[in-house]
Amino acid sequence: MKKTLAERVRNQNCKECELHLSANSVCLMGRGPVPCRLMIVVDAPGFQDDETGRPMVGRVGSLLDESLAAIGFNRRDFYITNLVKCRPMEKQKILKIQEKACRHYLDDEIEAVKPEFILTMGNTALSVVKKSGIMKHRGNVLPLGDAQVFPTIHPAAVLRNPRNEMLWKTDLEAFARLVKGESGATPTRTYLVNNQKTLNLCLDAILKSKAVAYDLETNGFEEYVPGAKIATISVSPKPGVAFVVPIHHPEAPWKQPERVLGAITTALAYTPAKRVAHNAKFDDRWLHQFGKPVYADFDTMLAAHIMDENRLKGLKPLAQMLLGVDAWANVDLAKGGAMVEDLKKLAKYNGKDSDYTLRLYYKFKEQLTVEGNERSLRIFTKIMMPASRCLTDIERTGMWLDQERMAERLIEINRRLEKLTTRLTKLAGEEVNWNSSQQMSAILFGKLKLPVIEMTDGGAFSTKESVLLRLRDKHEIVPLILEWRGYAKNRGFLEGWGELLDGNSRLHANYKLAGTVTGRLSSGKEEGNRGRGLNMQQVPRDPLIRSILGAPPGWRFVEADFSQIELRIAAHYSGDQTLQRLYQLGEDVHMQMAVSMTGKPASEVTKEERKKAKAVNFGFLYGMGAKKFVEYARDSYDVEVSLEEAKIVRDRYFEKFAGILPWHQRQRRIVHNYKRVQSLIGRVRHLTDIDSEDEDVQAEAERQAINSPVQSLASDLMLLSLVTLHDEMDPEEALIVGTVHDSILFQIREDTTDKWTSRIKEVMENLPLKKKFGVELEVPIVVDIKVGQHWSEGEEI
DNA sequence: AGTCAGCGCGCG
DNA sequence: AAAGCGCGCGCTGACT
């Protein structure tokens, strides 16, 4: 009798890795017809698979069956198997060594099954094509011998998080199209603009369209560095059409490429059409650098984000999910990027980018104008789009760096680090890489036998700062390590800045308007973690470091801070009478808190006690427990508090501010009922985790429901200030050079400082919330302004 | 040469 | 019963 594939290939006595020890079904083979045109590969058997001896049973299996039915297939159409044949240990990830041991079984299966198409699910299964990074590769067909591999996410990811469902369905539909030989969506008619006649057609189309999307292919991520080039620009005046204009690409036919770009940017700047781009700030910065200023009216990335802050926001996943199109190729950066890519190929990708951006625009425009989305639309048009445009300028302007100061301080830091390293080596008795927590731990807890205070999540002995602080008196090496870490960290910042400087001694940050779930800005590298960029939000507060940044001669550096903004907003939301009255009277709330907690009069409250009170304000406000407060007080403020003391402090807090707990309860009720919360002006945070079966996860969502509307509004107040001031300011007199959550940084010409500082205060303290959003704050907003030559050295005015 | 997770830490 | 929230980055060490 003929043996089945499983019988031929399976080895139930396999001992090639440790997994055979714990698995019920050792070497569990796949199931399905042999040969078979279609194959599914997932990571490894689950608990139920292991029990039953069949792949893909249980909840994951049911999801698979439903999903296959939805695309017109059945699991019997597939040979379904696992990459690793034995069930991995509980909650342990699959090791490469296990994959390797098993690989020959899979290869035998593939050889026998002879699939044309292999659907791999999850990052682990992706390694059948020796790739990693499922979110990058999903939806892109990869070859494996005679077969085509189509990677998608793991169905368990969909069960774990409903957010992934759309992506999963989208991928399976694309897979079905691949198998049936169908193509996704209507094609893009791409015109390569390589002569004056087509250029004129393109310009004409820009000027006559209702909405025009544009997208650049560049040779890098920083437009201001020498050698920066725009390979092509693609313009889509209507869906299904793209004009791709080569600019600096070697195959471009123009004698004066800047003039061509000038013509296009002029048309874009003056067209009555809506200017649309995906992550427009990037394209606009480059266009400004090489052509004329263009500012987008509609950013599809931001539109996606305002409606769902949790979703993927890249052009490709959005187009795949919302337009039902297949994945399309990217410029291959590994091969040298856009400038070396064949122009015809490049034009094809670039054309798709702008075409799909335009199609997304029509989709999002419709979604944003449906009933119920009025407030999101208002935030989008009145805050996000204007903020995107002014951040374009802020990023281009950059922040001045005092190179003399930096050089001096770097020398000093290096000198101290050298000294410290010598002493550390002596004390350790060997050469140690003090950057390695592993090596440091070996010295401290192994060699020197210091007591272990805390474990890391990964089970190592923690060497973090709070641990070292508690070991400070146990060995003379500890304070030296702390000192070393501080200097090493600072050196890292300065060296980083040195590499980022442009020719005018300025640093350019990159801000993301769609980088956080609350609507705050994030700062750092370009979209997709690419390129380099100053992170304005984590410049050390240490004056030795921070004051290296500032204003060049002739200008003043001005910092405008919202004072205790989150606490004020919480006072508004909660309606807490005590907190509101304190702010109306202009009291020092942290001091008040200290007074109420200690029972002492303000004059007797120590600095330490006020610090403790500040920690209370932020911690308890957002749901911190007594236990955490003990740690927090110790680690952050070097104040020892017993658990009993902490409980009393916590109780007193909620007694004094009696409106806080009811407000927490209201937020909890809202998030349980609606699975989302909103800020005063209507920015939404979706919290589907509130329905999690895990109570810790639920509790987390509840705390987020409390924090989000506060953080969110604080951020929107800042952004509103940013756009208002940016609109007013004459760049000859005043420039915005950065922002950090609740503060805005300016560079203001000396002779106009008084005028502008009072205007800044006026604007930020009296934002037109009533006029623009129909709401009002019950609490006064106060802005502190510091003026100086360098950051952190300013005088309060 | 690139990618990834873990750790530790910078900021609000 | 137990519970702050929101980020990005550099480095190591392990891997492809």
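Please read these numbers as outputs of a predicted model, since none were measured by experiment. What you see below is based on every heavy atom in this structure, not just the backbone, and it leaves out hydrogens, waters and symmetry mates. Proteins get letters first, then strands, A, B, ... in listed order; numbering begins at 1 in each.
F620(A) and F654(A) have tilted rings, their planes meeting at an angle from 30° to 60° on a 0 to 90° scale.
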Task: Test salt bridge (Lys or Arg N to Asp or Glu O under 4.0 Å) applied to E527(A) and K313(A), step by step - done: CA-CA 10 Å; E527(A) 215 54 58; K313(A) 53 183 199 274; 3.7 Å; yes

TODO: Begin with the C-alpha distance, continue with both residues' side-chain angles, and end with the deciding distance and a verdict on salt bridge (Lys or Arg N to Asp or Glu O under 4.0 Å) for D107(A) and R103(A).
DONE: CA-CA 6 Å; D107(A) 287 341; R103(A) 183 59 195 254; 3.0 Å; yes

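Scored by the side-chain contact (heavy atoms from CB on, under 4.5 Å) test, R491(A) finds L410(A), I413(A), N414(A), L417(A), E495(A) as partners (sequence neighbours excluded). Residues passing the salt bridge (Lys or Arg N to Asp or Glu O under 4.0 Å) test with E765(A) are K761(A), sequence neighbours excluded. Not counting sequence neighbours, the partners of K464(A) by the salt bridge (Lys or Arg N to Asp or Glu O under 4.0 Å) test are E454(A).
Residue L713(A) contributes atom CG, which lies 15 Å from atom C1' of dC5(C) at whole-angstrom precision. Computed from coordinates, the E702(A) CD to dA1(C) P distance equals 16 Å when rounded to whole Å. In this structure, L643(A) places its CG atom 13 Å from C1' of dA3(C), rounding to the nearest Å. Rounded to an integer number of Å, the gap from CE of M624(A) to P of dG4(C) is 7 Å.
Applying the salt bridge (charged side-chain N to carboxylate O under 4.0 Å, His left out) definition to pairs two or more places apart or across chains, those involving residues 511-521 of chain A are R520(A)-E566(A).
Contacts of R685(A) with the nucleic acid, taken as non-hydrogen atoms under 4.0 Å apart, involve only primed sugar atoms and P, OP1 or OP2. Contact annotation for D696(A): no contact, since no heavy-atom pair falls under 4.0 Å across all strands.
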TODO: Treat primed atoms plus P, OP1 and OP2 as sugar-phosphate and everything else as base, then score nucleotides 7-12 of chain B 5' to 3': B for base contact with protein heavy atoms under 4.0 Å, S for sugar-phosphate contact only, - for none.
DONE: SBSBBB

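Side-chain proximity of R668(A) to the nucleotides dG4(C), dG8(C), dA3(C) is greatest for dA3(C).
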Open item on the list: Only Watson-Crick and G-U wobble pairs with both distances less than 3.5 Å should count. Give DNA chain C in dot-bracket notation, marking inter-strand partners with |.
Closed with: ....||||||||||||

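Here L507(A) contributes atom CG and L549(A) contributes atom CG; the two are 6.0 Å apart, rounded to the nearest 0.5 Å.
Residue K627(A) places no side-chain N or O under 4.0 Å from the OP1 or OP2 atom of dA2(C).
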